[in-house]
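Only one structure is covered here, and it is reproduced in the block below.
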Amino acid sequence: MDKEIRRTMPVFPMSIVQKLTGLSARQIRYYEQHQLIHPERTEGNRRMFSLNDVERLLEIKSLLDEGVNLAGIKHVLNMKPLENEHPSSRSEHPKKDLSNADVMKYLKTELIEAGKYGKSSLIQGELSRFFH
DNA sequence: TTTCTAACA
DNA sequence: TGTTAGGA
């Protein structure tokens, strides 16, 4: 009953999250602006991240390396809602899990669809070759 | 001293 | 994305 609260409990300040994720403060704040993470705030308006926020950021970092842009990352993250979010908005668990293969499959589909039409794809750069 | 927001020679 | 100004 408190395993979940542990993952969602705000415990890390910016400096720690930077070291843990290897991302810059600028990037972390930017991703928050784009709703990829929702760290809580202290009385002094300082961000406090939970373990889930950190894991989420690590996944964002991973997808970034694979050449997925923010729009794509949003989609992937939205496919696995349970992972984090606030304890407040949590009552029942719609339970779900997404394997890496599922994500790959999704990304590949995005790439193919983008090829059919114009150019716009959620996947950028040459890294998309991993899906060819 | 650390983090925050806003903005760009 | 980096970096910096100016404040808390």
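Proteins get letters first, then strands, A, B, ... in listed order; numbering begins at 1 in each.
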State the dot-bracket string of DNA chain B. Criteria: Watson-Crick or G-U wobble, both atom distances under 3.5 angstrom; notation: ( ) intrastrand, [ ] crossing earlier pairs, | interstrand, . unpaired. .|.|||||.

How does protein reach along nucleotides 4-9 of chain B, written 5' to 3' as B (base within reach of a heavy atom under 4.0 Å), S (only sugar-phosphate), or - (no contact)? SB-B--

Please check if the side chain of A:Lys74 supplies one atom and the backbone of A:Leu36 the other of a donor-acceptor pair under 3.5 Å.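 Such a contact is absent between A:Lys74 side chain and A:Leu36 backbone.
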
Students should find this one: the first and last nucleotides of DNA chain C, 5' to 3', lying under 4.0 Å from a heavy atom of chain A. What are they?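 Terminal contacting nucleotides, 5' to 3': C:dT1 to C:dA8.
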
Once you round to the nearest 0.5 Å, how far does CG of A:Leu111 lie from CD1 of A:Ile123?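 It is 4.5 Å, given to the nearest 0.5 Å.
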
Let me confirm one number: the CG-CD1 distance from A:Leu23 to A:Ile60, rounded to the nearest 0.5 Å.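 So the CG of A:Leu23 and the CD1 of A:Ile60 are separated by 7.5 Å.
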
Residue among A:Arg41, A:Glu43, A:Arg47 satisfying side chain to side chain donor-acceptor pair (under 3.5 Å) with A:Asn45: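 Going through the options one by one, the only one that passes is A:Arg41.
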
Going by distance alone, is a donor N or O of one side chain under 3.5 Å from an acceptor N or O of the other, for A:Gln18 and A:Ser15?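 Side-chain D/A pair, A:Gln18 to A:Ser15: absent.
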
Partner of A:Val76 under side-chain contact (heavy atoms from CB on, under 4.5 Å), chosen from A:Asp102, A:Leu63, A:Leu122: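 When A:Asp102, A:Leu63, A:Leu122 are each tested with A:Val76, the side-chain contact (heavy atoms from CB on, under 4.5 Å) holds only for A:Leu63.
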
Taking A:Glu59 first and then A:Arg56, would you say they form a salt bridge - that is, a charged N and a carboxylate O separated by under 4.0 Å?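 Salt bridge flag = no for A:Arg56 with A:Glu59.
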
Same cluster or not: are A:Met9 and A:Leu58 linked, directly or through other Ile, Leu, Val, Met, Phe, Trp or Tyr residues, by side-chain heavy atoms under 4.5 angstrom apart?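 Looking at the clustering, A:Leu58 is in the same group as A:Met9.
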
Linking I/L/V/M/F/W/Y whenever their side-chain heavy atoms sit closer than 4.5 Å, directly or via other members, would A:Tyr31 and A:Met48 fall into one cluster?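 No; A:Met48 is not reachable from A:Tyr31 via cluster members.
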
Check A:Val68 against A:Leu64 and note the closest heavy-atom contact, atom names and distance.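 In this case the closest contact between A:Val68 and A:Leu64 is O-CD1, 3.6 Å.
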
